[in-house]
A.B. asks: 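Provided herewith is a single structure, encoded as structure tokens, for subsequent inquiry.
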Amino acid sequence: IVGQGIDATLFAQKKEYSIGSQFRLVSSGRITPPKDIPGMIDLVGALIRENIPATLTLIGSGDQAFAEQLKTYASDKGLSQEILFHGGLPYHTVAAKLAEYDAFLNLGKTGSLDKAILDAGAAGLPVVTTNPALTAFMVDSDPLNALRTLYHMQPEERREQGARLREWVVREHSLSGLVARIVKGME
């Protein structure tokens with residue numbers, strides 16, 4: 001295993017974190033069933049029922065029919081204003097877009113390390129995920145509890161959460177590290 005090769009130079013550590021205002025969640029990557037997007041929508045609904053003003057922006061493309069099903073699902077849950085479908089972005093613009101959000105959400109059940117999670121980590125976003133490879137970086141293994149905790153954290157605590165993940169991504173999954181491992185493997 002050599003890692004993903006994230007160009008960490010594209011991603012700056014997020015510096016500003018808000019508190020007590022809109023809790024802006026983001027998820028990126030292909031819009032596909034293994035990502036458990038209905039589960040993400042349900043989490044946003046649960047936060048709102050607890051008076052945590054949350055939104056979720058989904059960045060990515062995929063099966064258009066599935067995306068329409070998700071829009072209907074969100075609407076049926078009364079969340080059509082809180083669940084935003086952004087569509088795909090050119091990769092070089094992802095870093096700037098991720099910096100607009102408070103936390104990254106990924107409920108994928110594939111068992112593999114999703115590159116989108118590493119991008120979010122490189123951007124210094126706290127990540128809430130069901131991916132076992134990253135539970136050490138979460139404030140709680142239960143996604144709803146983790147989101148609650150992140151929302152109530154002071155901005156400096158959120159920054160520290162994101163910084164720890166960013167350090168790991170740069171150390172273990174950066175493009176420069178990948179190149180070095182490939183070259184070493186060829187020696």
A.B. asks: Charged N to carboxylate O under 4.0 angstrom, R164 versus E167?
C.D. replies: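 Salt bridge between R164 and E167, a charged N being under 4.0 Å from a carboxylate O: no.
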A.B. asks: Kindly write out the residues that satisfy side-chain contact (heavy atoms from CB on, under 4.5 Å) with E50, not counting sequence neighbours, or none if the list is empty.
C.D. replies: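 E50: side-chain contact (heavy atoms from CB on, under 4.5 Å) contacts with I52, L144, R148.
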A.B. asks: What are the two closest heavy atoms between A54 and L47, and how far apart are they?
C.D. replies: CB-CD1, 3.9 Å
A.B. asks: Please test M153 against E160 for side chain to side chain contact (heavy atoms under 4.5 Å, CB included), starting from the C-alpha separation and ending with a verdict.
C.D. replies: CA-CA 11 Å; M153 276 184 177; E160 288 172 13; over 6 Å; no
A.B. asks: Identify the two heavy atoms, one from F66 and one from T32, that lie closest to each other, and give their separation to 0.1 Å.
C.D. replies: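 For F66 and T32, the tightest heavy-atom pair comes out as CE2-C, 3.4 Å.
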A.B. asks: If you compare all heavy atoms of Y73 against all heavy atoms of P38, which two are closest, and at what distance to 0.1 Å?
C.D. replies: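 Looking at all heavy atoms of both residues, the closest pair is CE2-O, 3.7 Å.
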A.B. asks: Going from NE2 on H152 to CG on L147, what distance comes out if it is rounded to the nearest 0.5 angstrom?
C.D. replies: 11.0 Å
A.B. asks: Restricting to non-hydrogen atoms, name the atom on S27 and the atom on L56 that form the minimum distance, rounded to 0.1 Å.
C.D. replies: N-CD1, 4.0 Å
A.B. asks: Determine whether K115 and H173 make a side-chain contact, defined as any pair of heavy atoms from C-beta on separated by less than 4.5 Å.
C.D. replies: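 In short, these two side chains do not touch, never coming nearer than 4.5 Å.
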A.B. asks: Write down the atom of S75, the atom of S80, and the distance for their closest heavy-atom approach.
C.D. replies: CA-CB, 4.1 Å
A.B. asks: Please step through side chain to side chain contact (heavy atoms under 4.5 Å, CB included) for the pair V128 and L150, ending with a clear verdict.
C.D. replies: CA-CA 9 Å; V128 173; L150 283 172; 3.5 Å; yes
A.B. asks: Find out whether I37 and I31 are in side-chain contact, i.e. whether some heavy atom of one side chain is under 4.5 Å from a heavy atom of the other.
C.D. replies: yes
A.B. asks: Do the side-chain N and O atoms of D119 and Y91 include a donor-acceptor pair separated by under 3.5 angstrom?
C.D. replies: yes
A.B. asks: Quick one: do the Q161 and E157 side chains pair a donor with an acceptor below 3.5 Å?
C.D. replies: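 Checked: Q161/E157 side chains show no N/O donor-acceptor pair below 3.5 Å.
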A.B. asks: For a quick test of reading the model, state the closest non-hydrogen atom pair linking A120 to V127 and the distance between them.
C.D. replies: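 Minimum heavy-atom separation between A120 and V127: CB-CG2, 4.1 Å.
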A.B. asks: Is the shortest heavy-atom distance from the side chain of L105 to the side chain of T129 under 4.5 Å?
C.D. replies: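 No - every pair of side-chain heavy atoms lies 4.5 Å or more apart.
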A.B. asks: For side chain to side chain contact (heavy atoms under 4.5 Å, CB included), just list the numbers for L84 and L58, CA-CA rounded to whole Å, side-chain angles, deciding distance to a tenth of an Å, and then say yes or no.
C.D. replies: CA-CA 6 Å; L84 311 167; L58 299 163; over 6 Å; no
A.B. asks: First locate atom CG of L125, then atom CD1 of I117, and finally report the distance between them rounded to the nearest 0.5 Å.
C.D. replies: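 Separation between the atoms: 12.0 Å.
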A.B. asks: Just by distance, do the side chain of D102 and the backbone of R24 share a donor-acceptor pair under 3.5 Å?
C.D. replies: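 Such a contact is found between D102 side chain and R24 backbone.
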A.B. asks: Report the C-alpha distance between F23 and I48 in whole Å, list the side-chain angles of each, state the deciding distance to 0.1 Å, and finish with yes or no for side chain to side chain contact (heavy atoms under 4.5 Å, CB included).
C.D. replies: CA-CA 10 Å; F23 191 35; I48 289 169; over 6 Å; no
A.B. asks: What pairs of residues pass the side-chain hydrogen bond (donor to acceptor under 3.5 Å, both in side chains) test when at least one of them lies in residues 51-63, not counting sequence neighbours?
C.D. replies: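 Sorted result for residues 51-63: T57-Y101.
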A.B. asks: To the nearest 0.5 Å, how far apart are CD1 in I41 and CD in E82?
C.D. replies: 11.0 Å
A.B. asks: Whether the side chain of R166 engages the backbone of G121 through a donor-acceptor N/O pair (distance < 3.5 Å, no angle test) should be reported.
C.D. replies: no
A.B. asks: How long is the span from the CE atom in M40 to the NZ atom in K35, to the nearest 0.5 Å?
C.D. replies: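 It comes to 7.5 Å.
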A.B. asks: At what distance, to the nearest 0.5 angstrom, does CG of N106 lie from CG of D36?
C.D. replies: 9.5 Å
A.B. asks: For the residue pair L43 and L107, establish whether any side-chain heavy-atom pair is separated by less than 4.5 Å.
C.D. replies: yes
A.B. asks: Can you tell me if T149 uses its side chain to pair, donor with acceptor, with the backbone of N145 under 3.5 Å?
C.D. replies: yes
A.B. asks: Can you list the residues that meet the side-chain contact (heavy atoms from CB on, under 4.5 Å) rule with A116, with sequence neighbours excluded?
C.D. replies: S28, F104, D114
